[in-house]
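Just below is one structure, and these are the notes that go with it.
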Protein chains: 2
Amino acid sequence: MPRQVDHDERRRQLTDALLRIASTRGLQAVSMREIAAEAGVSLRVVQYYFTNKQALLESGLTELGARMDRRVKQRAAATAGELTPRGVFAAVLGVILPSDEQSRLDSMAWTAYYTAALTDPALAAVGLTLPNALENFLTARLAAAQQAGDIAPDRDPRTEVAGLLALANGLTSSVLSRQRSHEAAIEIIDYHLDRLFGPASTLRPPPG
Amino acid sequence: MPRQVDHDERRRQLTDALLRIASTRGLQAVSMREIAAEAGVSLRVVQYYFTNKQALLESGLTELGARMDRRVKQRAAATAGELTPRGVFAAVLGVILPSDEQSRLDSMAWTAYYTAALTDPALAAVGLTLPNALENFLTARLAAAQQAGDIAPDRDPRTEVAGLLALANGLTSSVLSRQRSHEAAIEIIDYHLDRLFGPASTLRPPPG
DNA sequence: CTTGTATGGATACAGTCGTATCCTAACGCG
DNA sequence: CGCGTTAGGATACGACTGTATCCATACAAG
């Protein structure tokens, strides 16, 4: 066997280059040649590691989902002790909102992909997986919290989750277009969480 | 003077064709030739009535804004008598959400434009005008309602409006991607309006 | 009727796009 | 040491893009 290159690593470099372009100049600025230039390789290399532009695009969307997933886990881990139901929601919704520069860029790319998915079924299949999983996860958590008496019994968990996710997504849009600051968005989220759960506490109260 | 053509009418036809393409196949499918084909005219005609592709795109965005504006006014007019503050909010937020097939198409186009505006300052300037005006309008209305005692005095009108608009936009996204039905979205909006105002009444109660 | 201008048909241009092909250099294995 | 496969450089193809140009026609004004 001749010289071996780590294909996964190469694909990751190219996917990162793609996402840098998509998040700064939009998905319509993404071309095979632009990706090559951004990654500092030749066009042939891009073609060699991805059969299609379509495959490249889907790889970008998958990577975005993986990043979001990583952020949620790392935020959950950063909170010492067990999370309250409210803590779980604050973590997930806080990850959806753009906070630092990198997550702002990722949100830009995510928005671009979301729009593209509206007229591209292949992208829609890949892109809706994470949001649906997120909604189901939060709904299950909220239903459990309701059983435990943490929220009022007359609330419908699925409706509440749908509203909160829509709120977070809408706020993300307004933060990206600089209509609102990150802090203002967080404040609105917290306000709504206060109405759903009691006043704020991220940690589960000590038993007894 | 030779044969005169109504330029405004011609431009309107072309803009409509553009929006039909953008709402069904996305903004990236919009080309001068596609617009010509969709409108049933030659490429030259498109060039003749619009100096630029950029001008054409901005015309499309302006038209979308005008349609939204028309819908709000017509919904307000459809409600007999004077609108309560809640009625105003229900009308505006109800217009943002896609209801019939046409408003779904317009929402698709609007979403495409919104995303494009994130990386195109010229579009952003045109596209943010209406949302900002809407936010200011609703904020003023809500502040007045607060003065009149229609909502609790501890609410911040600007924050409430920002949250409601973000919610409506986020719900629009989820309706477009068929994660949620129009009815479910309306229900969530009504639920949040109930929490802000009292229980639902669109008409102002008779004086005395 | 002639004339000048508004309208639009036909065609061309230089770029850019995704994809395909040809060929060479590098290198692990027998 | 070659042999064969992998990694990529170089180049080309046809399609499509926005824009420009040339020219014909139609029609209102003189």
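All values reported here derive from a predicted model rather than from experimental measurement. Hydrogens, waters and symmetry mates are skipped; everything else that's a heavy atom, side chains included, is used. A, B, ... follow the sequence lines: proteins, then strands. Residue 1 opens every chain.
- Picking from D:dT21, C:dT19, D:dT19 the nucleotide with the shortest atom distance to the side chain of B:Asn52 gives D:dT19.
- For the pair A:Phe50 CZ and C:dA20 P, the computed distance is 16 Å after rounding to whole Å.
- The side chain of A:Ser31 has C:dG18 as its nearest neighbour among C:dG18, D:dG8, D:dT17.
- Proximity note for B:Arg33 (side chain, C-beta onward) versus D:dA20, D:dG18, C:dT19: the nearest is D:dG18.
- Side chain of B:Gln47, nearest nucleotide from C:dG8, D:dT19, D:dG8: D:dT19.
- Remark: A:Lys73 engages A:Asp69 in a salt bridge, criterion side-chain N to carboxylate O under 4.0 Å.
- Side-chain contact of B:Tyr49 with B:Arg12: a donor-acceptor pair under 3.5 Å is absent, judged by distance alone.
- Nearest nucleotide to the side chain of A:Tyr48, out of C:dG8, D:dG8, C:dT19: D:dG8.
- A donor-acceptor pair shorter than 3.5 Å can be found between the side chains of A:Gln13 and A:Arg10.
- The listed nucleotides are C:dG8, D:dT19, C:dT19; the one nearest the side chain of B:Lys53 is D:dT19.
- If you check the side chains of B:Asn136 and B:Arg141, you find no donor sitting under 3.5 Å from an acceptor.
- Here D:dA7 is the nucleotide among D:dT19, C:dG8, D:dA7 with the atom lying nearest to any side-chain atom of A:His7.
- Across C:dA20, C:dG8, C:dT11, the shortest atom-to-atom separation from the side chain of B:Tyr49 is found for C:dG8.
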